[in-house]
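Computed over heavy atoms, backbone and side chain alike; hydrogens, waters and symmetry mates excluded. Naming convention: chains lettered A, B, ... in sequence-line order (proteins, then strands); numbering from 1 in each chain.
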Number of protein chains: 2
Amino acid sequence: MDDKAQSIIDAKAKVLKALGHPTRLFIVEELARGKRCVCELVKLVGADFSTVSKHLTLLKNAGVVQDDKRGQMVFYTLKVPCILRFMDCIEAVIVSGSCK
Amino acid sequence: MDDKAQSIIDAKAKVLKALGHPTRLFIVEELARGKRCVCELVKLVGADFSTVSKHLTLLKNAGVVQDDKRGQMVFYTLKVPCILRFMDCIEAVIVSGSCK
DNA sequence: TATATATTTGGCACTATAGCCAAATAATAG
DNA sequence: CTATTATTTGGCTATAGTGCCAAATATATA
């Protein structure tokens with residue numbers, strides 16, 4: 001495999017890895033319903049502000065979300081909504097049975 | 001969030017996490033082209049036999065691949081091919097620019 | 001300016017993951 | 001049975017990820 005192919009794989013893996021954490025996946029699914037400020041997500045997730053902020057930073061670096069500062073609040077939105085359509089397939093993996 | 005919703009999120013995150021590693025993603029994309037024995041994947045990946053075997057076990061536990069033992073060789077196949085269709089969306093995330 | 005609110009960053013402890021080697025297991029050939 | 005090949009498992013070290021607290025930053029308001 002050449003360098004270019006490798007870096008494409010790496011970039012895709014990075015996106016998938018970003019989605020591969022329960023809290024971050026929850027955030028992404030919540031953002032699919034509309035923009036949310038960090039404070040709202042903190043309440044929904046039930047973790048520390050700093051923890052949620054770091055998850056959001058990671059999602060942003062992966063290109064999954066984008067932020068929009070309004071006054072003292074920061075709103076996050078899903079950057080690539082097609083990610084949500086994929087979830088049907090992931091659910092198919094789950095119900096197919098051999099998840100341990 | 002109730003326990004059931006949480007366990008669904010956890011299961012989906014587990015699948016995404018399994019895909020979120022360059023070597024495992026490479027394996028999945030290779031398996032999309034057809035069944036492969038471990039020895040073939042070892043050559044393609046260029047890692048130790050044990051390393052590849054462990055990645056395959058993880059993918060199997062996540063429900064992404066299945067194995068089929070034929071004699072002394074074990075062939076792996078993609079269990080839920082729809083995963084590959086998702087890659088187009090992941091690529092959209094990549095090209096959208098803010099990947100670091 | 002002082003204060004309050006929203007968010008991020010630094011730092012730390014804890015846990016999890018990756019990958020190698022060596023050993024164990026399984027199947028086949030001789 | 002022995003040797004060989006294919007694969008998995010155990011064990012280890014190194015590295016990365018998670019989540020909390022405390023501190024820093026940014027913005028708004030009195």
Side-chain angles (χ1 to χ4, degrees), chain A residues 1 6 9-28 30-31 34-77 98-100, chain B residues 1 6 9-28 30-31 35-62 64-77 98-100:
Chain A
M1 187 162 46
Q6 183 64 58
I9 287 263
D10 288 349
K12 288 195 282 188
K14 183 177 177 178
V15 175
L16 291 162
K17 189 176 185 177
L19 298 171
H21 184 284
T23 298
R24 290 193 294 267
L25 187 54
F26 174 82
I27 289 172
V28 166
E30 184 59 31
L31 293 181
K35 68 167 56 175
R36 297 282 186 274
C37 70
V38 182
C39 52
E40 289 172 303
L41 294 171
V42 165
K43 283 178 200 152
L44 290 166
V45 167
D48 193 82
F49 241 103
S50 64
T51 301
V52 173
S53 178
K54 281 175 183 173
H55 281 307
L56 287 165
T57 299
L58 196 152
L59 284 168
K60 191 170 78 169
N61 285 339
V64 175
V65 304
Q66 59 193 164
D67 57 350
D68 174 26
K69 190 160 196 170
R70 293 281 173 96
Q72 51 195 148
M73 286 156 84
V74 178
F75 288 88
Y76 279 86
T77 49
S98 54
C99 301
K100 289 175 188 171
Chain B
M1 185 162 48
Q6 184 65 58
I9 288 264
D10 288 349
K12 287 195 283 190
K14 182 177 177 179
V15 174
L16 290 161
K17 187 176 186 178
L19 296 171
H21 184 285
T23 299
R24 289 193 293 266
L25 187 54
F26 174 81
I27 288 172
V28 166
E30 184 59 32
L31 293 182
K35 68 167 55 177
R36 297 284 186 272
C37 69
V38 182
C39 53
E40 288 172 303
L41 294 170
V42 165
K43 282 179 201 153
L44 291 166
V45 167
D48 194 82
F49 241 103
S50 64
T51 300
V52 173
S53 178
K54 281 174 183 173
H55 281 307
L56 288 166
T57 299
L58 196 153
L59 285 169
K60 191 171 77 170
N61 286 337
V64 175
V65 304
Q66 60 192 166
D67 56 351
D68 173 26
K69 189 158 197 171
R70 293 281 173 96
Q72 52 195 145
M73 287 156 85
V74 178
F75 288 89
Y76 280 85
T77 49
S98 55
C99 301
K100 287 174 187 169

Q) Do any side-chain nitrogens or oxygens of His21(A) fall under 4.0 Å of OP1 or OP2 in dG17(D)? A) no

Q. Is Arg70(A) touching bases, backbone alone, or none of the nucleic acid, heavy atoms closer than 4.0 Å?
A. nothing

Q) For Asp10(B) and dA16(C), what is the distance between atoms CG and P respectively, to the nearest whole Å? A) 14 Å

Q. Are the side chains of Thr77(B) and Asp68(B) in touch, meaning some heavy atoms are under 4.5 Å apart?
A. no

Q) Minimum heavy-atom separation for Val38(A) to Tyr76(A), with atom names? A) CG2-CE1, 3.6 Å

Q: Measure the distance from CZ on Phe26(B) to C1' on dA18(C) and round it to the nearest whole Å.
A: 18 Å

Q.
Assess the residue pair Arg24(A) and Val28(A) against the criterion (side chain to side chain contact (heavy atoms under 4.5 Å, CB included)); give the C-alpha distance rounded to whole Å, side-chain angles, the decisive distance to 0.1 Å, and a yes or no.
A. CA-CA 6 Å; Arg24(A) 290 193 294 267; Val28(A) 166; 5.5 Å; no

Q. Any side-chain N or O of His55(B) under 4.0 Å from OP1/OP2 of dG19(C)?
A. yes

Q) So among Arg36(A), Lys43(A), Lys35(A), which one has a salt bridge (charged side-chain N to carboxylate O under 4.0 Å, His left out) with Glu30(A)? A) Arg36(A)

Q: Could you tell me whether the phosphate oxygens of dA16(C), OP1 or OP2, come under 4.0 Å of any side-chain nitrogen or oxygen in Lys17(B)?
A: no

Q) To the nearest 0.5 Å, what is the distance between OG1 (Thr57(A)) and CG (Asp67(A))? A) 8.0 Å

Q: Encode nucleotides 7-15 of chain C as B, S and - characters from 5' to 3', where the letter depends on protein heavy atoms closer than 4.0 Å: B to the base, S only to sugar-phosphate, - to neither.
A: BBBBB----

Q) Just how far, in rounded Å, is C1' of dT7(D) from CD1 of Ile27(B)? A) 14 Å

Q.
Do Leu58(B) and Lys54(B) have side chains that approach each other closer than 4.5 Å (heavy atoms only, starting at C-beta)?
A. no

